[in-house]
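Step one of this worksheet: look at the structure below.
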Amino acid sequence: MCRNARAGVTMLYNSKDKFGLVSKGLHWTIAFGIIGLIALGWWMVGLGYYDPWYHDSLEAHKAVGMVVLALAFCKIGWQFFNKPPAPGKTLTPNEKNASKTMHWVLYALMVVVPVTGYIMTTSSGQGVSMFGLFEVPALMQNSESTRDVSTSIHYYFAYAGIALVLGHAGAALKHHFVNRDDTLTRML
Ligand code: HEM
């Protein structure tokens with residue numbers, strides 16, 4: 001393999017102190033996906049039944065949400081296959097613990113919100129249409145109470161996600177502008 005090709009392949013992987021292109025791509029696609037889905041979800045539930053966007057916005061929300069779920073599984077799988085870099089050397093022990101906890105909570109959010117969306121949508125036995133191309137089948141039919149519980153979890157976790165995403169982004173910006181370390185730049 002020529003040197004350029006080898007360097008290109010190396011850039012895909014995390015190194016000891018930097019994230020690789022796969023981690024960065026998954027991180028930002030999921031981040032913008034979640035922010036977009038929260039905004040879309042908030043907007044669409046306010047639409048009237050006869051609004052021209054009533055049906056299409058919900059279908060788009062479900063399909064994009066399933067894509068985010070698939071990417072979240074890819075991100076979790078990739079973490080096992082290719083270890084992320086160690087936390088920055090400038091982080092205090094408290095900051096290291098806080099960032100570890102925040103990452104676990106964010107991973108839970110990435111999985112719990114779309115899974116509860118899937119459960120409530122498919123509770124009647126109907127699958128999720130993926131942009132009209134194919135359908136993700138319903139795995140089971142659920143009771144009304146299961147649907148209600150998943151709807152509540154979907155709602156509360158999604159809106160709690162706003163606080164988490166803001167806290168996460170705020171911490172990264174604080175490190176960049178106040179501590180002037182590489183916490184943010186190594187993910188850019
Ligand atoms: C990370 C992914 C997702 C996020 C952040 C998200 C976020 C949201 C938000 C903020 C709402 C509005 C809640 C409200 O104000 O009542 C909503 C509603 C909804 N979401 Fe999601 N969602 C995601 C994935 C999914 C998936 C994968 C599905 C289904 C396959 C789904 C199905 C729905 C449905 C059916 C509603 C309307 C609920 C109602 O009418 O009360 N969502 N979502």
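One is the number of the first residue; the rest follow in order along the sequence. Both counts, for ligands and for their atoms, begin at 1 and track the order of listing. Because only heavy atoms are used, hydrogens play no part in the values below, and waters and symmetry mates are left out as well, while side chains stay in.
- Only one option out of S129, S124, S123 pairs with Q126 in a side-chain contact (heavy atoms from CB on, under 4.5 Å); it is S124.
- For atom 36 (C) of ligand 1, the choice among M110, H61, M120 with the nearest heavy atom turns out to be M120.
- Ring orientation note: the planes of H103 and H168 are nearly perpendicular, at an angle over 60° on the 30°/60° scale.
- Between Y159 and Y155, the two ring planes are perpendicular [angle over 60°; tilted spans 30° to 60°].
- Close approach of ligand 1 to L37 (heavy-atom distance below 4.0 Å) involves ligand atoms 1 (C), 2 (C), 3 (C), 4 (C), 5 (C), 7 (C).
- With a 4.0 Å heavy-atom cut-off, ligand 1 is reached by the side chain of H154 but not by its N, CA, C or O.
- Ring geometry for H154 against H61 counts as perpendicular: the plane angle is over 60°, on a 0 to 90° scale with 30° as the lower cut.
- The ring of W78 has its center no closer than 6.0 angstrom to the ring center of F73.
- If you number the atoms of ligand 1 from 1 as listed, the ones under 4.0 Å from a heavy atom of Y159 come out as 10 (C), 12 (C), 13 (C), 14 (C), 15 (O).
- Taking a cut-off of under 4.0 Å to the non-hydrogen atoms of G65, the atoms of ligand 1 that pass are 24 (C), 27 (C).
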Check the pair K174 / E95 against salt bridge (charged side-chain N to carboxylate O under 4.0 Å, His left out), numbers first and verdict last.
CA-CA 12 Å; K174 181 225 167 219; E95 282 178 325; 3.2 Å; yes
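- Under the 4.5 Å side-chain heavy-atom criterion for grouping Ile, Leu, Val, Met, Phe, Trp and Tyr, I34 is not connected to F32 through any hydrophobic cluster.
- The shortest side-chain heavy-atom distance between Y54 and M44 does not fall under the 4.5 Å cut-off.
- Annotation: side chain of T146 is in contact with side chain of I119 (closest heavy-atom distance under 4.5 Å).
- Scanning the protein for heavy atoms near atom 19 (C) of ligand 1, the closest one is M44 CE, 3.5 Å.
- Under 4.0 angstrom from ligand 1, the non-hydrogen atoms of L58 all belong to its side chain.
- Short contacts between ligand 1 and I38, defined as distances under 4.0 Å to a heavy atom of the residue, involve ligand atoms 5 (C), 10 (C).
- Short contacts between ligand 1 and M66, defined as distances under 4.0 Å to a heavy atom of the residue, involve ligand atoms 27 (C), 30 (C).
- Under 4.0 Å from ligand 1, heavy atoms of P114 appear from its side chain as well as its backbone.
- Of all protein heavy atoms, the one closest to atom 4 (C) of ligand 1 is V113 CG1, 3.4 Å.
- The shortest contact between atom 39 (C) of ligand 1 and any protein heavy atom is with V45 CG1, 4.0 Å.
- Close contacts between ligand 1 and Y155 involve ligand atoms 13 (C), 14 (C), 15 (O), 16 (O) [criterion: under 4.0 Å to a heavy atom].
- Atom 9 (C) of ligand 1 has its closest protein heavy atom at G41 CA, 3.8 Å.
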